[in-house]
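One structure is given below, encoded as structure tokens.
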Amino acid sequence: MTATLQSTGQIQRPAAPAQKLWDALTKPVGELRDSDKPKARLLSAMLVVYIPLSLFTVFASPVAALIEGKPVTTLAPALLIGELLTIVAYVFSRSRYYSVGAWMIVSVPIIAVGLPILTTGVLTSIISLFFLSLSVIMAGLLLTSRDTLIVGVIVAAIPILSPQPQTLVTTTGSPNITVFSFVLLTTGITVLVGRIREGYLHQLETSQSELTRSLTEKEEARVQAELSREQAERSDQVKSAFLASMSHELRTPLNSIINFTRFVADGDTGPVNDEQKELLLEVVGSGKHLLNLINDVLDMSKIEAGSLNLFIEDNVNLKTILDTTVATGRSLLKEAVQIETAVDENLPLIRGDRQRILQILLNLISNACKFTEEGEIKISAHQANGEIVISVKDTGLGIAPEDQALVFEAFKQTTTGLRQGGGTGLGMPIAKSLAEAHGGRLWLESEVSKGSTFFISLPIKSDTLIPTLA
Amino acid sequence: MNHKPVVLYVEDDPQSRRLMQMLFKGRMNLPHITILENSEDFLGRTKALDPRPDVIFLDIHVKPYNGFEMLDMLQQLEWIKEIPVVALTASVMNEEVQQLKTAGFNGCLAKPIDLDTFPETVDRILGGEFIWSITS
């Protein structure tokens with residue numbers, strides 16, 4: 001399996017420069033849990049907006065005074081410390097300790113508004129109370145539910161613990177109701193903010209778990225595909241090992257059958273009469289036929305199992321292969337038959353499996369020699385359109401149109417072929433498969449009683465064939 | 001070759017041994033033939049050969065050391081670089097021959113052997129030719 005798991009991330013559009021700057025200033029850089037990242041980012045974003053504004057308000061009037069030449073009033077140390085702490089909170093917000101920064105920011109209204117109420121008991125305006133509740137809202141956005149609750153309790157406790165709650169009367173006329181409604185408001189805000197955040201977090205978790213599930217499903221499918229591929233590969237290996245072992249087990253006894261018989265027939269072990277010799281040579285012939293049959297059946301099994309591997313070399317010399325096969329062909333020729341060759345002298349070297357190309361050509365040429373009673377066999381080879389085309393033309397019986405397709409089908413020798421006796425009926429189908437495995441073709445043209453021409457084309461340098469490393 | 005080649009052959013199948021004996025001795029008239037029926041102490045027995053072999057034929061399915069292991073052992077011998085080591089085996093499917101090539105054999109002769117061409121093939125091997133017969 002070549003396909004790999006694709007990245008499931010969204011398509012990234014190129015960010016605008018302002019977006020890049022914003023991201024650089026607010027994106028959490030510390031190691032945070034995924035659920036904390038949005039909170040840390042919100043805090044950073046708040047401070048990135050707040051710090052320049054507050055710096056402007058703090059330094060605007062002294063700078064203006066300096067420009068106008070008026071005497072510069074000294075800044076209150078509390079203001080400067082406040083600015084410094086805000087910057088520290090921002091630094092925290094970018095780190096894994098963002099919650100420290102969050103606490104610092106949440107504490108600001110409590111200290112600025114709550115502390116004077118607690119110490120003096122004076123509540124200057126009802127707005128201050130709402131300013132206090134800002135702590136709770138921010139806590140809800142920036143801290144955990146537990147911390148938000150703590151902040152809520154602290155804020156609600158401030159007016160109750162105020163040493164002089166009666167001063168509230170001056171602003172609203174009914175202190176108890178005000179304090180009660182403030183506590184109610186604070187609690188309400190705490191609960192509301194908590195719910196909103198939980199809802200948001202839940203949504204985040206749901207989408208995350210969906211993402212995880214779809215990733216898991218993809219991974220499972222991938223593992224499954226990998227498993228079946230391995231299984232197929234294993235069964236392929238078992239098949240190949242079986243065929244190899246079959247070949248070995250059949251060839252070993254055939255070695256004895258063919259060659260001991262030859263020794264006896266040839267008189268190595270003592271004189272034999274002509275009849276004995278003839279019969280013994282029949283045994284040798286049958287043994288050789290059986291050997292060819294084994295070779296062909298094994299080849300065919302490999303082709304059908306899809307496990308036929310070519311051993312590709314560069315620089316295969318077709319001329320040499322043709323010389324070898326023509327020499328073999330001559331040894332099979334009937335007396336009244338001539339072989340003529342017309343091989344292009346400048347035939348290029350090609351990329352392919354030397355042994356298999358030899359097998360294809362041996363098949364075509366020995367067939368032509370076997371099935372031609374008189375006349376001539378003409379073998380020609382030339383280059384055309386990045387291919388080598390070799391043709392083997394005989395003056396044999398020819399093949400009827402209805403039989404022509406059968407020639408290339410396994411175990412479907414034509415009636416002529418069967419009558420002639422030789423062959424396994426597999427040679428042509430194998431030769432065709434071998435030619436096709438090279439990216440070439442094998443075909444025939446024939447006319448009954450005139451003869452047949454078999455053509456084979458082989459690419460000179462096919463990119464789909466990769467040289468096998470020896 | 002001026003003199004008849006000295007042959008070492010390792011083969012565990014008794015019939016193949018007898019066959020090759022008839023061929024080497026009876027037909028090719030080779031005076032120095034050593035045929036081992038297993039690969040026990042293969043290196044020691046090979047070292048002890050006098051005269052040393054001109055060509056070595058190894059069957060592949062031999063015990064306790066198979067053809068590939070025997071080939072590895074032979075690499076320790078000083079003179080092995082000049083000597084062709086040829087597999088003589090019935091395992092001659094394409095992949096198997098490729099393994100032999102990769103392992104560093106100097107050729108492969110398939111069983112069943114061809115009695116008529118075998119003597120000439122041995123001469124070609126001794127002449128430095130690499131012969132890879134996949135089908136006989």
Side-chain angles (χ1 to χ4, degrees), chain A residues 236-237 240-270 284 287-288 290-296 298-299 301-302 307-313 328 331 353-356 358-359 362-363 430 434 437 468-470, chain B residues 9 11-29 57 59-62 66-67 87-120 124 129-136:
Chain A
D236 220 45
Q237 277 168 2
S240 290
F242 172 73
L243 292 179
S245 145
M246 276 281 289
S247 165
H248 178 260
E249 295 309 318
L250 292 168
R251 282 172 160 274
T252 304
L254 274 175
N255 192 24
S256 298
I257 293 169
I258 294 171
N259 289 318
F260 281 135
T261 312
R262 267 295 301 279
F263 278 126
V264 178
D266 291 354
D268 288 45
T269 54
V284 171
K288 284 190 172 165
L290 195 53
L291 178 63
N292 288 333
L293 189 62
I294 291 162
N295 289 339
D296 283 358
L298 291 174
D299 273 350
S301 313
K302 288 179 118 187
S307 59
L308 180 97
N309 296 319
L310 295 180
F311 287 94
I312 302 298
E313 294 171 84
T328 309
S331 69
D353 184 329
R354 189 190 307 268
Q355 195 66 36
R356 293 305 194 172
L358 182 103
Q359 189 180 345
L362 201 56
N363 206 290
I430 291 169
L434 290 175
T468 315
L469 295 174
Chain B
Y9 176 40
E11 172 63 77
D12 64 345
D13 172 45
Q15 292 175 346
S16 297
R17 283 202 300 273
R18 184 162 181 195
L19 186 71
M20 293 310 289
Q21 180 79 21
M22 286 174 81
L23 176 58
F24 286 138
K25 271 243 149 70
R27 288 213 171 172
M28 295 170 73
N29 298 312
F57 293 104
D59 183 27
I60 298 302
H61 300 270
V62 181
N66 67 29
L88 182 54
T89 173
S91 293
V92 282
M93 288 188 81
N94 229 336
E95 290 82 357
E96 295 166 310
V97 173
Q98 197 61 31
Q99 281 172 7
L100 296 173
K101 281 185 189 178
T102 311
F105 277 94
N106 303 122
C108 165
L109 300 182
K111 288 180 202 167
I113 58 155
D114 186 333
L115 287 187
D116 298 324
T117 59
F118 192 87
E120 183 204 323
R124 283 164 63 195
E129 210 176 310
F130 285 15
I131 293 170
W132 301 99
S133 57
I134 293 174
T135 50
S136 63

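- For a residue to count as touching a neighbouring chain, one of its non-hydrogen atoms must lie under 4.5 Å from one of that chain's; by this rule A:Lys302 touches chain B with the side chain only.
- Heavy-atom distances place no part of B:Ile60 under 4.5 Å from chain A, backbone and side chain included.
- Atom CD of residue A:Glu249 and atom NE2 of residue B:His61 lie 8.0 Å apart, to the nearest 0.5 angstrom.
- B:Glu96 touches chain A through its side chain: at least one heavy atom from C-beta onward sits under 4.5 Å away, while N, CA, C and O do not.
- Looking only at heavy-atom pairs under 4.5 Å with chain B, the residue among A:Leu243, A:Asn259, A:Thr269 that has the most is A:Asn259.
- The two residues B:Leu115 and A:Phe263 have their closest heavy-atom pair at CD2-CZ, 3.9 Å.
- Annotation for B:Arg18: atom CZ does not count as buried by contact number, only 12 or fewer foreign heavy atoms lying within 6.0 Å.
- Contact of A:Arg354 with chain B is not made at all, since no heavy-atom distance falls under 4.5 Å.
- By the 4.5 Å heavy-atom criterion applied to side chains, B:Asp116 and A:Arg262 are counted as neighbours.
- Scanning both residues, A:Phe260 and B:Gln15, for their nearest heavy atoms gives CZ-O, 3.5 Å.
- Nearest heavy atom pair, residue A:Arg251 against residue B:Ala90, reads CD-O, 3.2 Å.
- Contacts of A:Ile258 with chain B are made by side-chain atoms alone, with heavy-atom separations under 4.5 Å and no backbone atom involved.
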